[in-house]
Peer 1: 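I have a structure here, written as structure tokens, and I will follow up with some questions on it.
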Amino acid sequence: MMKARRGSALSAPTALLAASLLSGGLLTGCFLDTSGVEPKSGEFNFPTSIAIAPPRAPGEAPAFLYVVNSNFDLRYNGGTVMALDLEALEAGIAGCGGGPCQLHTPSRFLAAGHEVVTGSYAGGMAVSTDGTRLYAPFRSDGTLTFIDVDPVTGELSCQAGGAKGGHCDDFHRRGDETVASQRGESMPGDPSRVLLRPLPAPWDGDFLVVLDRSGKASLFFDGPASAANVAPKLIDVVDGLPANAVGLAYDAVEGITYVSSANTSPTARLARLGVALDDPTVPERSYLFRAGEPRLTGLDDGLDVRDLAFSGNSLYVLSRRPQAVVTIDLARAGLSSGDLPIDRVTGVDYGASRLALATIGGRQFLFVTCYDGRSLFVIDAQTGAVADVVRGFSGPFEVAVDEVRERAFVTDFRSSVVRVVDLAPLSNGTSDPLSIIATIGIPRAPSELN
Amino acid sequence: MSDAGTCRAALLAALAVGSAACSQTAVVTTPQSFDRPGGTSLVCFDVTASPPVAVPLARCAPTEPGSSTLPAGLDLHALVLQSRRGEIAVVELRTNTILDTNKTIPGYTFIEAGALPVDLVSTRGLTAGAPITTYVANAGTEDVWVFAASAFRAPATTARAESQQEPLGAAPSAVALTPDERFLIVALPTLGVLRQFPILADGHLDHASARDIPLAADVPEPLAPEPETPLYHRECTTAALALPTSAPAREARSDGTAPYPVALLIDEEAHELLVGDAALPIVHRFGIDALAGLGAEAPPLAIGTPVHDLALTPRVPSTVDGTVADRRYLYALDDTGAVAVMDLSDSAAFPNGQPLSIEIPTARAQDRITFAAPATSLTMIASRDYDPASPNPFCVGENLTPESNGPARLHGVFLVASLTDGTVRFVDVYDRDAACRGSAGLCSETTTAASNDSVVYIRRHRPRIGVTVSTEVGVIGSPTLSVAAVPYAIGEDGQAASSSVPDLAPLTDCAPLGPSFVQAYPRTDAAALVCAVGDPWAATQERWVATYEGTIFSGAAGRFDGPSFIAGETDFCRAGVLGTVGAAGLVTGLPGVAQGDQLVLTGDLPPGTLHSHPDCASLVATDPATTARVVVAFEVVDADAAGVLTIGPTTLDGAYTRDFVATCFPELVTFDVRSRGSWVVRGAYSGLVRAQASALGSCRVPTPAPENVGLGFRAYSNTPFVSRALAFQITEDPAVPATRGMTLTLDLGGLPAGLGIDLTPGSLSGSIPVELFYSSVENKLYAVDAGRAALARISIDNVSTERFFQ
């Protein structure tokens with residue numbers, strides 16, 4: 001890029017650049033009155049969210065890997081959600097004969113009807129408890145999109161009549177309708193994360209909390225699970241959370257949701273959200289409420305928290321200041337009233353982004369993506385010791401772990417691929433390092449995008 | 001977003017990206033050298049040789065006592081593990097240079113070690129002719145790499161001597177050398193063993209003769225902590241501070257059932273190896289034999305909690321003026337970041353160690369040193385001039401200056417701890433200058449030395465005070481009593497500046513009210529109006545607010561259910577709520593029975609209620625007299641730990657029945673529980689001090705409740721309020737009764753800051769200190785900061801950071 005002198009009009013080279021960009025946009029067919037370019041089937045385009053389908057039976061290997069493509073560069077008229085066949089993927093990896101595997105065509109693992117077109121800029125993804133529905137909020141339309149999943153075949157449907165594949169219709173985008181009660185609320189338009197939990201008895205179904213960067217959160221109910229043609233319903237919207245809210249996790253012990261912020265504001269705190277469940281026959285009476293802001297003191301400096309995860313009474317905080325996983329023991333009191341009790345601080349690499357918890361070989365591990373450090377840290381959750389650091393990424397963002405097959409799937413946002421890490425050394429007693437054994441998709445550097 | 005909208009956004013985004021990129025200036029980055037630094041080791045090099053060779057560490061001794069100048073041609077080097085890249089960085093400490101082993105490669109190139117190195121140790125050259133050897137334990141490759149230390153200064157073009165790579169079969173956590181350097185000990189936590197390797201003449205490990213030493217899993221119960229007598233301390237205060245008392249034995253807590261060794265420490269006096277266990281609440285002990293290495297495991301030290309790090313003192317005197325060094329201590333960093341203290345002075349009498357009580361009963365933990373943040377590592381400083389048998393050169397003669405013996409001058413023995421907040425803190429063990437301090441004020445009769453401090457707090461096993469102190473703990477400014485948000489100062493005679501608010505009554509004497517209680521206000525000879533803990537280590541600097549009929553608990557979701565009000569699974573007893581039944585157990589010193597708390601609705605009416613029940617509007621109306629919302633409050637008859645409040649049949653003012661209110665609020669509603677007829681006392685950091693217990697699920701006070709004490713956070717007018725932090729008495733004139741919302745505010749302060757080093761300034765990504773080590777040769781302290789990726793050198797002669805290597 002050529003530099004323009006400060007305070008001057010655009011220099012000739014810069015004007016030429018602007019003109020070429022404009023003409024490039026025209027050449028790509030971006031007329032204001034056209035429907036835009038359809039996403040290419042089976043192509044990753046800035047993948048962000050990733051999740052493993054729940055197993056169909058206890059102990060059974062999961063069948064599908066869900067990937068949300070954000071369409072970050074807006075080259076297409078929408079992002080996509082894919083359901084990749086994990087068995088076929090394993091067969092593909094095995095066919096590489098042991099060396100690093102380049103699986104250039106993700107469509108090999110995508111059967112017909114396993115991909116739908118959605119909005120752009122996804123703010124996370126959640127899978128329903130029974131695996132029959134996916135949820136993803138999108139910033140492009142400011143709604144929560146739900147996609148029905150056939151747990152046997154993996155086919156995705158977000159159109160009327162259950163048609164597989166294609167574009168999600170308006171019925172499958174929720175959040176801008178007024179609820180039956182007189183609250184008159186609508187879902188805020190900059191979603192960053194989504195969390196799903198089953199509703200307790202006598203309720204039937206799930207509830208979702210959609211976090212918004214503006215410091216708001218939305219509560220949806222979806223269910224009963226067995227009813228067809230039931231859409232998630234927006235119940236309540238609460239504000240007053242920290243701005244730039246990006247981390248969301250549920251404390252199953254206390255029944256409270258924790259929220260973190262990427263803000264570097266003066267106060268290092270986490271926010272807590274509670275769900276007040278009223279009469280199941282009148283779901284609109286339920287609501288979200290703020291339940292305090294415990295302090296994250298005793299760190300340098302505890303601001304900019306990107307992700308959270310719970311395991312029993314342990315809260316794992318992924319912080320960028322310091323660049324570390326901070327383990328909090330909620331079973332004991334903090335040093336002062338309102339402080340979170342820190343157990344230990346385990347340093348990670350630059351750009352800590354997402355945190356996942358999984359059990360491999362009977363031990364619980366934390367998987368931490370470090371976007372700027374281009375690495376994946378694997379940390380023993382009980383001891384805080386770094387078990388391994390996996391390198392070879394361009395821009396790792398989110399990670400999902402197949403505990404049965406002992407694989408970690410990482411969205412490599414910067415190169416628009418999904419990397420597969422073999423986790424077997426964590427359980428087989430060898431000192432072999434963890435490594436990337438497969439790359440799905442063709443790595444594309446952002447500079448190549450025209 | 002529509003498809004057309006997508007296109008518009010794309011064009012705008014493209015233009016924005018283009019213009020932004022064109023206006024950015026190039027950023028020149030300085031390549032950083034360290035990358036997740038960790039364990040360290042010191043090696044002495046003869047730099048006159050080409051290439052420099054490693055020589056016995058003792059040769060890097062100062063040429064003169066008390067000097068830091070090394071003999072010519074000898075330089076001390078620090079080896080610093082770089083765990084992310086699996087390398088060893090070499091830092092030449094005299095020239096402050098990080099050595100790049102290969103300048104043809106951009107950036108710093110260090111010595112390759114195995115994957116995820118976690119610890120290293122170097123021989124000191126005790127055996128004549130034996131090469132100086134460095135052993136690096138790698139958790140990633142699960143092995144130990146053996147280096148001839150001279151190889152660290154060999155040029156890149158020279159073929160480096162092939163290092164031995166000894167497989168371990170499990171990830172190590174720590175390494176140590178026996179005092180005679182005949183054996184290398186490696187801790188293997190996942191196996192629960194120590195592996196001992198004999199060291200061959202060439203420094204290599206004798207693989208064939210290696211043996212595993214299992215660690216025992218027996219966990220003895222720790223003894224009850226006892227205070228030391230005599231206690232090493234020097235305090236110059238207006239009133240004597242309370243001494244530590246005996247404490248109940250700590251219930252041992254494990255984090256697993258199998259041993260998990262993580263820390264190794266050589267006790268040279270006892271010829272033992274001490275092993276910190278991160279799973280079991282003990283420190284293992286092994287005798288060391290010159291021929292066989294580790295012997296059978298001795299009875300462990302019962303710490304009570306898992307241990308992550310260890311530090312051991314040399315022998316020190318038991319009193320400030322003592323000249324016989326007859327005491328020694330073990331400090332064990334536990335898994336909460338606090339430090340246990342074990343008296344090892346007489347190991348025969350206490351084979352499992354004698355835990356020490358080091359704090360007064362109102363402290364957070366009597367048997368632990370606690371800091372403002374959890375500690376991450378420990379080390380010990382024994383400065384060169386600490387010999388107690390020799391006269392202190394800093395307290396006599398021409399060295400008699402205030403600057404020579406201030407709190408930042410560390411002459412003696414001190415424990416050092418790094419904390420998660422990026423600071424390094426110091427704990428007094430033996431301060432050679434203690435007798436010199438305090439001449440400017442309260443100890444002027446006991447010392448002829450000159451110092452700047454008039455108030456002195458020095459006590460063994462307590463964080464060191466880092467400033468010269470001229471005033472003691474007390475109220476900052478004056479207390480105020482507010483009504484309708486208008487504050488009125490309380491004068492030194494206890495009278496408020498307005499007759500419309502209560503006053504403070506004098507307290508007879510502070511000392512009997514609690515351990516280390518001193519007069520906090522006024523700071524004159526007038527009668528005490530506020531007493532507070534004067535112990536700077538036990539006190540907390542915070543604002544205290546007492547609110548008449550203030551809020552005890554705020555709930556977000558409660559509902560009416562017949563005679564009850566149910567709030568999910570809220571433990572009201574733990575929250576401090578008392579109903580009328582439970583409050584009957586309170587001993588207030590006042591006539592009559594104390595009132596139970598009140599339930600106050602704070603939520604809005606449900607949207608549909610006004611349509612169906614328009615008369616409910618009065619419940620949320622505004623009181624024209626106060627312009628505040630009317631208060632809908634019910635007596636709390638009883639409360640329990642399952643979230644159930646039994647409430648009265650009508651509101652407290654009798655205006656509404658419970659059934660009517662329940663009809664108006666059929667849904668979940670937010671609420672407060674407030675006290676009645678009492679002041680709720682809350683500290684900004686301490687919160688509410690609770691003293692209630694639940695019996696059979698219902699909230700009751702302990703019986704018998706001590707008179708006027710143990711009420712927790714409730715203060716009653718015309719009777720002294722005494723908590724473990726402060727005491728006062730609000731005097732209420734019946735003609736001017738207290739009203740809801742009145743607040744008494746006072747700020748307790750004057751706490752002297754602890755001595756510490758802040759590693760955070762200039763750190764862009766946050767400091768994470770992970771290791772400390774003391775260089776006795778240089779009399780310097782080093783801190784490894786993994787977050788900042790740096791090695792900090794700290795002067796202890798006038799505590800300050802000298803330099804960062806990064």
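Chain letters run A, B, ... following the sequence lines, proteins first, then strands; residues in each count from 1. Fair warning: this is a prediction, and the values are worked out from it, not measured in the lab.
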Peer 1: For the candidates A:L434, A:T346, A:L277, which exhibits the highest count of non-hydrogen atom pairs separated by less than 4.5 Å from chain B?
Peer 2: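 Of A:L434, A:T346, A:L277, A:L277 has the most heavy-atom pairs under 4.5 Å with chain B.
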
Peer 1: Sort B:N138 into side chain, backbone, both or neither according to what part of it lies under 4.5 angstrom from a heavy atom of chain A.
Peer 2: neither

Peer 1: Given a strict heavy-atom distance threshold of 4.5 Å, which part of A:S375 is in contact with chain B: side chain, backbone, both, or neither?
Peer 2: side chain

Peer 1: Sort B:Y260 into side chain, backbone, both or neither according to what part of it lies under 4.5 angstrom from a heavy atom of chain A.
Peer 2: side chain

Peer 1: If you tally heavy-atom pairs under 4.5 Å against chain B, which of A:D388, A:T383, A:D432 wins?
Peer 2: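 So the answer, after comparing A:D388, A:T383, A:D432, is A:T383.
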
Peer 1: Begin with the C-alpha distance, continue with both residues' side-chain angles, and end with the deciding distance and a verdict on side chain to side chain contact (heavy atoms under 4.5 Å, CB included) for B:R84 and A:R391.
Peer 2: CA-CA 10 Å; B:R84 197 174 93 87; A:R391 285 173 276 275; 3.7 Å; yes

Peer 1: If we define contacts as heavy-atom pairs under 4.5 Å, which of A:R320, A:R295, A:R321 has the most with chain B?
Peer 2: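 The answer is A:R295.
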
Peer 1: Between A:I342, A:V389, A:D339, which residue shows the highest count of heavy-atom pairs closer than 4.5 Å to chain B?
Peer 2: A:I342

Peer 1: Contact part of A:D304 toward chain B, heavy-atom cut-off under 4.5 Å: side chain, backbone, both or neither?
Peer 2: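 Neither part; nothing is under 4.5 Å.
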
Peer 1: Do B:T760 and A:D301 have side-chain heavy atoms sitting under 4.5 Å apart?
Peer 2: no

Peer 1: Measure distances from B:S763 to the heavy atoms of chain A and classify the residue's part below 4.5 Å as side chain, backbone, both or neither.
Peer 2: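 For B:S763, the contact with chain A is made by the side chain alone.
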
Peer 1: What option among A:A291, A:A276, A:G347 has the most heavy-atom pairs under 4.5 Å with chain B?
Peer 2: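 Top option by heavy-atom pairs under 4.5 Å: A:G347.
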
Peer 1: Just so I understand: if I count every heavy-atom pair under 4.5 Å between each of B:S767, B:A557, B:A278 and chain A, which residue has the most?
Peer 2: B:S767

Peer 1: Do the non-hydrogen side-chain atoms of B:R788 and A:D300 ever get within less than 4.5 Å of each other?
Peer 2: no

Peer 1: Is it the case that atom CZ in B:F371 sees more than 12 heavy atoms from other parts of the structure closer than 6.0 Å?
Peer 2: yes

Peer 1: Taking side chain as everything from C-beta outward and backbone as N, CA, C, O, which of these in B:A372 sits under 4.5 Å from a heavy atom of chain A? Side chain, backbone, both or neither.
Peer 2: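 It is the backbone, since no side chain atom gets that close.
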
Peer 1: Could you check whether any side-chain N or O of A:D278 sits under 3.5 Å from a backbone N or O of B:E667, counting only pairs where one atom can act as donor and the other as acceptor?
Peer 2: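 No, the answer is negative, given that no donor and acceptor are paired below the 3.5 Å cut-off.
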
Peer 1: Tell me, side chain or backbone of A:F138 under 4.5 Å from chain B's heavy atoms, or both, or neither?
Peer 2: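 The answer is neither part of A:F138.
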
Peer 1: Measure distances from B:S765 to the heavy atoms of chain A and classify the residue's part below 4.5 Å as side chain, backbone, both or neither.
Peer 2: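 Contact with chain A: backbone and side chain both.
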
Peer 1: How far does CZ of A:R344 sit from CD1 of B:I768, to the nearest 0.5 angstrom?
Peer 2: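 It is 13.5 Å, given to the nearest 0.5 Å.
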
Peer 1: Select one option (side chain, backbone, both, neither) describing which atoms of A:A387 are under 4.5 Å from chain B's heavy atoms.
Peer 2: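 For A:A387, the contact with chain B is made by the backbone alone.
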
Peer 1: How long is the straight-line distance from CG of B:D335 back to CZ of A:R332, given to the nearest 0.5 Å?
Peer 2: 7.0 Å

Peer 1: Kindly give the heavy-atom pair with the smallest separation between A:Y287 and B:A556, and that separation in Å.
Peer 2: OH-O, 2.5 Å

Peer 1: Can B:R36 and A:V386 be said to form a side chain to side chain contact (heavy atoms under 4.5 Å, CB included), step by step?
Peer 2: CA-CA 11 Å; B:R36 269 189 113 241; A:V386 175; 3.3 Å; yes

Peer 1: Should the heavy atoms of other residues, nucleotides or ligands under 6.0 Å from CZ of A:F289 be counted, would the total exceed 12?
Peer 2: yes

Peer 1: What part of B:L419 gets within 4.5 angstrom of chain A, counting heavy atoms only: side chain, backbone, both, or neither?
Peer 2: neither

